[in-house]
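One structure is given here, and the rest of the page talks about it.
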Amino acid sequence: AQSVTQLDSHVSVSEGTPVLLRCNYSSSYSPSLFWYVQHPNKGLQLLLKYTSAATLVKGINGFEAEFKKSETSFHLTKPSAHLRDAAEYFCVVSEGYKLSFGAGTTVTVRA
Amino acid sequence: KAGVTQTPRYLIKTRGQQVTLSCSPISGHRSVSWYQQTPGQGLQFLFEYFSETQRNKGNFPGRFSGRQFSNSRSEMNVSTLELGDSALYLCASSLASGTATYEQYFGPGTRLTVT
């Protein structure tokens with residue numbers, strides 16, 4: 001079975017500084033990986049996906065993630081945080097049509 | 001293109017009752033998945049339907065069931081409600097066919113409170 005581990009349950013950054021959200025995955029074969037964001041009282045929005053093409057994946061709202069097979073990692077970054085980035089972020093691995101979610105990382109952005 | 005819609009958005013039920021939640025996928029999407037989100041357990045997969053057939057089911061008791069109609073709309077039903085069923089129930093749709101992997105698009109969820 002595939003799984004993901006989000007290494008930080010909470011990340012706090014100042015507006016305008018970089019954001020790093022860490023995710024490690026476990027998979028017996030080449031995985032499909034995703035990052036989703038959930039704002040309070042909202043559904044999940046897809047930020048980006050990795051499906052064995054380029055290892056550096058660009059997503060929406062300035063986010064990007066790098067797939068590193070040797071480290072089994074798929075960390076999410078953004079060069080400059082904005083107040084609207086405050087939300088919960090989920091790293092997700094796909095096992096066919098079943099998604100397995102990490103526990104989530106709550107991002108707080110200080111003005 | 002309209003997104004995934006879920007009805008109702010909020011629901012309050014009493015223990016022992018049953019509830020039906022509805023999900024309309026994005027036009028053209030034939031796969032619908034359901035997830036339960038709680039503060040303690042996080043996001044957990046309930047089941048997935050494709051072309052009216054349940055292809056996969058998570059580790060939930062038989063009180064949780066679902067179905068999909070020919071127009072890809074889906075419903076999930078929870079019978080004999082328990083307090084622990086209070087959660088946000090999320091529906092997601094995808095183009096997925098066969099075993100290909102496609103990203104899933106989520107609806108806003110139905111907030112179920114059991115008293």
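In this text, all values refer to a predicted model and were calculated from it rather than measured experimentally. Quick note on labels: first sequence line is chain A, next is B, and so on, each numbered from 1.
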Query - Hydrophobic cluster membership, B:F106 vs B:M76, 4.5 Å side-chain cutoff - result: no
Requested in this report: Check the surroundings of atom CZ in B:R9: do more than 12 heavy atoms from other residues, nucleotides or ligands lie under 6.0 Å from it?
Outcome: yes
Requested in this report: Check whether B:Q6 gets within reach of chain A through its side chain, its backbone, both or neither, counting any heavy atom under 4.5 Å.
Outcome: neither
Query raised in the report: Which bit of A:Q45 comes within less than 4.5 Å of chain B, counting heavy atoms only: side chain, backbone, both or neither?
Result: neither
Report task. Using non-hydrogen atoms and a 4.5 Å limit, figure out which bit of A:K49 sits close to chain B: side chain, backbone, both or neither. Result -> side chain
Query raised in the report: Would the number of heavy atoms belonging to other residues, nucleotides or ligands and lying under 6.0 Å from CG of B:N71 be above 12?
Result: yes
Requested in this report: Search all heavy atoms of A:Y36 against all heavy atoms of B:E103 and return the closest pair with its distance.
Outcome: OH-C, 4.3 Å
Query raised in the report: Does a sphere of radius 6.0 Å around CG in A:L20 hold more than 12 heavy atoms from other residues, nucleotides or ligands, not counting ones at 6.0 Å or beyond?
Result: yes
Query raised in the report: In the single-linkage hydrophobic clustering (I, L, V, M, F, W, Y; side-chain heavy atoms under 4.5 Å), do A:Y50 and A:F90 co-cluster?
Result: no
Query raised in the report: If two hydrophobic side chains count as joined below 4.5 Å and joins carry through other members, does A:L83 share a cluster with A:V37?
Result: yes
Query raised in the report: To the nearest 0.5 Å, what is the distance between NZ (A:K42) and CG (B:L90)?
Result: 13.5 Å
Query - Check: A:F101 and B:F45 side chains under 4.5 Å, non-hydrogen atoms - result: no
Requested in this report: Output the option from B:G58, B:G42, B:P108 having the highest count of non-hydrogen pairs under 4.5 Å with chain A.
Outcome: B:P108
**Report entry** Candidate list A:V92, A:L99, A:L44, test side chain to side chain contact (heavy atoms under 4.5 Å, CB included), partner B:Q104, passing option
**Finding:** A:L99
